[in-house]
Amino acid sequence: QVQLVESGGGLVQAGGSLRLSCAASGRTFSSYAMGWFRQGPGKEREFVAAITWSGGNTYYADSVKGRFTISRDNAKNTVYLQMNRLKPDDTAVYYCAARYRYVTYRAEYDHWGQGTQVTVSS
């Protein structure tokens, strides 16, 4: 069983930056692909970024490509989402998720965190 806890959300002005962290419990973190999803007000949950179990490959939604960077530190059981040049449209609850072995863009992950709120003011 993997438990995920996100942190790092908050209120930031447009153009600013935040770094989200997701700490995972369990000794098999390196066996899991990790993803970040978000759900804005009145919107469906959407894919943001994902990273393979080794960290060798990363994937991004078009809306965040070039602004967000996903990374992981398997020694610390942690995945990160560096968010730069934030826009009001990035306002959402951000969730990290773990999926055994393989990445997917779909919300078909095995384990989910509780979410962290990111609010970008204009």
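Note that these values count all heavy atoms, side chains included, but never hydrogens, waters or copies made by symmetry. Small disclaimer: the values here were computed from a predicted structure and weren't measured. Residue numbers run from 1 in the order of the sequence given.
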So does [Y] get a backbone contact from the side chain of [X], meaning a donor-acceptor N/O pair under 3.5 Å?
X: Ser63; Y: Ala61; answer: no
X: Ser31; Y: Arg101; answer: no
X: Glu6; Y: Gln114; answer: yes
X: Thr104; Y: Glu108; answer: no
X: Thr91; Y: Val120; answer: yes

What's the separation between atom [atom1] in [X] and atom [atom2] in [Y], rounded to the nearest 0.5 Å?
X: Gln3; Y: Asn77; atom1: CD; atom2: CG; result: 12.5 Å
X: Arg99; Y: Asp110; atom1: CZ; atom2: CG; result: 7.0 Å
X: Glu46; Y: Glu44; atom1: CD; atom2: CD; result: 9.5 Å
X: Leu81; Y: Ile70; atom1: CG; atom2: CD1; result: 6.5 Å
X: Met34; Y: Asn74; atom1: CE; atom2: CG; result: 9.5 Å
X: Ser121; Y: Leu86; atom1: OG; atom2: CG; result: 10.0 Å

For residues 11-23, which side-chain N or O atoms pair as donor and acceptor with protein atoms under 3.5 Å away, sequence neighbours left out?
from	atom 1	to	atom 2	distance (Å)
Ser17	OG	Asn84	OD1	2.9

Salt bridge (charged side-chain N to carboxylate O under 4.0 Å, His left out) evaluation trace for Asp62 with Lys65: CA-CA 5 Å; Asp62 288 343; Lys65 201 171 294 183; 3.2 Å; yes
Of all pairs that satisfy ring-ring contact (aromatic ring centres under 6.0 Å, His included), the ones with a partner from residues 3-51, not counting sequence neighbours: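 Qualifying pairs, neighbours excluded: Tyr32-Tyr100, Tyr32-His111, Phe37-Phe47, Phe37-Tyr109, Phe37-Trp112, Phe47-Tyr105.
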Side-chain heavy atoms of Val93 within contact of Arg45, under 4.5 Å: no
Nearest heavy-atom pair of [X] and [Y]: which atoms, and what distance?
X: Met83; Y: Val118; answer: CE-CG2, 3.9 Å
X: Thr52; Y: Tyr59; answer: CG2-CE1, 4.0 Å
X: Trp53; Y: Arg72; answer: CA-NH1, 3.3 Å
X: Leu4; Y: Ala24; answer: CD2-CB, 3.6 Å

Geometric cation-pi criterion, Arg38 with Tyr95: 6.0 Å, 45°: no
